[in-house]
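Position 1 is the first residue of the sequence; numbering continues from there. None of the values given here were measured: they were computed from a predicted structure.
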Amino acid sequence: FLYADRPQADLIQAFELVMSRLAADGVRHLTWFYLPESSPVATWLKDSGVVPTAEIPNVCISFPEGDAKAYWSCLSRNARQNLKTAANRMAREGVSARFEFYSACGLGLPLDTSAGRRVLRRCRSVYVRHQAVRYGHDRRGVGFFFRHATYVSLSIPGCNGFLCVLWIGDRIGAYMEGYVNERRQALEVPRLGMDDELARFRPGRLMLKACVEWLAAQSRICRIDLGRGAERYKYDMGGSTYLTYTISFNPSFCREQTEGGRS
């Protein structure tokens, strides 16, 4: 409801009702994680004197709507060279790449079908292998957690979920999954992974470039929000930093603010 396309007065009233209920139930400490710095709630809380307890860097790739060529010029020289090297290496080895976009909101191929879910399961197997190698986890436990015990896993196939896949030959070289936020004109990406055995082809970077080209030709989406973390590849691929806040406050404080007419 907080993200619904409703009048601001309705949203303020809903927020006040939620805070009032929490206060009535005896909640005295509420922590809001990953609140975007530009959101009205963050602005209101900060203007009311609430100080964020943490500022977390996030990275978002933005590109001109419908203009993939302009995006190429925004990439770092290192990124352009890496992409050209990867393409040349695939040509030498006789390997081809193809990109697929699935969604549950009418973009690309349908995700919430037996075929879409089958590809999604294969992608998550790639992710589990990558996580197990990177962090030394037991693959079975990691696989169960990421397939069955997380909100991202359970909600992606429905609602506004999407899946991007870069195939290298008959293998999944890289993928990312998340949500289509049409109000922001953004893909929001809580999870992405790659096949470490195909790392020489730079599959993650190739996937991001292919995704931008696809979006520019097929939709109004002009942002890929890669979320938390300041990894170099995100900036090489045209990303810029924005902050999300961790803000702790007393729900009674919010109720008093709205009742006082300062919302």
Checklist entry - Run the side chain to side chain contact (heavy atoms under 4.5 Å, CB included) check on V212 and W72 step by step: do they pass? => result CA-CA 10 Å; V212 169; W72 178 258; over 6 Å; no
Checklist entry - Under the 3.5 angstrom rule, does the side chain of K234 hit a backbone N or O of G229 as a donor-acceptor pair? => result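 Side chain of K234 to backbone of G229: a pair is present.
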Checklist entry - Between E37 and L243, is there a donor-acceptor pair closer than 3.5 Å when you use the side chain of the first and the backbone of the second? => result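 The answer is yes, because a donor-acceptor pair under 3.5 Å joins these two groups.
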Are [X] and [Y] connected, step by step, through hydrophobic side chains (Ile, Leu, Val, Met, Phe, Trp, Tyr) whose heavy atoms are closer than 4.5 Å?
X: M90; Y: M207; result: yes
X: V189; Y: L215; result: yes
X: V165; Y: Y179; result: yes

Next on the checklist: In the structure I gave you, are the side-chain heavy atoms of C60 and I224 within less than 4.5 Å of one another anywhere?
Outcome noted: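 No, side chains not in contact.
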Closer than 4.0 angstrom, basic N to acidic O: yes or no for [X] and [Y]?
X: E93; Y: R200; value: yes
X: R171; Y: E197; value: yes
X: R223; Y: E188; value: no

Item to check | Straight-line distance of T244 OG1 to N58 CG, nearest 0.5 Å | outcome: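 That separation rounds to 4.0 Å.
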Checklist entry - Roughly how far, to the nearest 0.5 Å, is CD1 of I221 from CG of N181? => result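 Between N181 CG and I221 CD1, I get 8.0 Å after rounding to 0.5 Å.
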Item to check | Residues E100, R98; criterion side chain to side chain contact (heavy atoms under 4.5 Å, CB included); working and verdict | outcome: CA-CA 7 Å; E100 291 179 341; R98 61 186 171 91; 2.6 Å; yes
Checklist entry - Quick check: are there more than 12 heavy atoms from other residues, nucleotides or ligands sitting under 6.0 Å from CZ of R28? => result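 More than 12 heavy atoms, drawn from other residues, nucleotides or ligands, come within 6.0 Å of this atom.
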Checklist entry - Taking everything shown except R21 itself, do over 12 heavy atoms lie less than 6.0 Å from its CZ? => result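 Incorrect, the count does not exceed 12.
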So which heavy atom on [X] is nearest to which on [Y], and how close?
X: D170; Y: R122; value: O-NH2, 3.4 Å
X: Y71; Y: M237; value: OH-O, 2.6 Å
X: F33; Y: T31; value: CZ-CG2, 3.6 Å
X: V59; Y: G239; value: CG1-CA, 3.7 Å
X: K209; Y: L83; value: CD-CD1, 3.6 Å
X: A79; Y: D236; value: CB-O, 3.1 Å

Checklist entry - Parallel, tilted or perpendicular: which describes the rings of W214 and F101, with under 30° parallel and over 60° perpendicular? => result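 Ring orientation, 0 to 90° scale: parallel.
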Item to check | Chi angles and distances behind the side-chain hydrogen bond (donor to acceptor under 3.5 Å, both in side chains) call for D225, Y242 | outcome: CA-CA 10 Å; D225 190 336; Y242 73 93; 2.5 Å; yes
Item to check | Test salt bridge (charged side-chain N to carboxylate O under 4.0 Å, His left out) applied to D196 and R129, step by step | outcome: CA-CA 9 Å; D196 296 293; R129 289 197 302 271; over 6 Å; no
Next on the checklist: I'd like to know whether I156 forms a side chain to side chain contact (heavy atoms under 4.5 Å, CB included) with L111, so could you lay out the CA-CA distance, the side-chain angles of the two residues, the decisive distance to 0.1 Å, and finally the verdict.
Outcome noted: CA-CA 9 Å; I156 288 296; L111 177 57; 4.0 Å; yes
Checklist entry - Between R228 and Y34, is a side-chain hydrogen bond (donor to acceptor under 3.5 Å, both in side chains) present by the stated rule, with each step listed? => result CA-CA 9 Å; R228 292 172 292 156; Y34 314 130; 2.9 Å; yes
Next on the checklist: Go through it in stages, so that I can follow the logic: the residues are R124 and E177, the test is side chain to side chain contact (heavy atoms under 4.5 Å, CB included), and I'd like the CA-CA distance, side-chain angles, deciding distance and then a yes or no.
Outcome noted: CA-CA 10 Å; R124 287 177 175 169; E177 59 180 303; 2.7 Å; yes
Item to check | Face-on cation placement of R205 at Y233 ring, 6.0 Å and 45° thresholds | outcome: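 Judged by the rule, R205 and Y233 form no cation-pi pair.
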Checklist entry - Are Q81 and T85 close enough, and set up right, to give a side-chain hydrogen bond (donor to acceptor under 3.5 Å, both in side chains), and what steps lead you there? => result CA-CA 6 Å; Q81 185 57 52; T85 299; 3.3 Å; yes
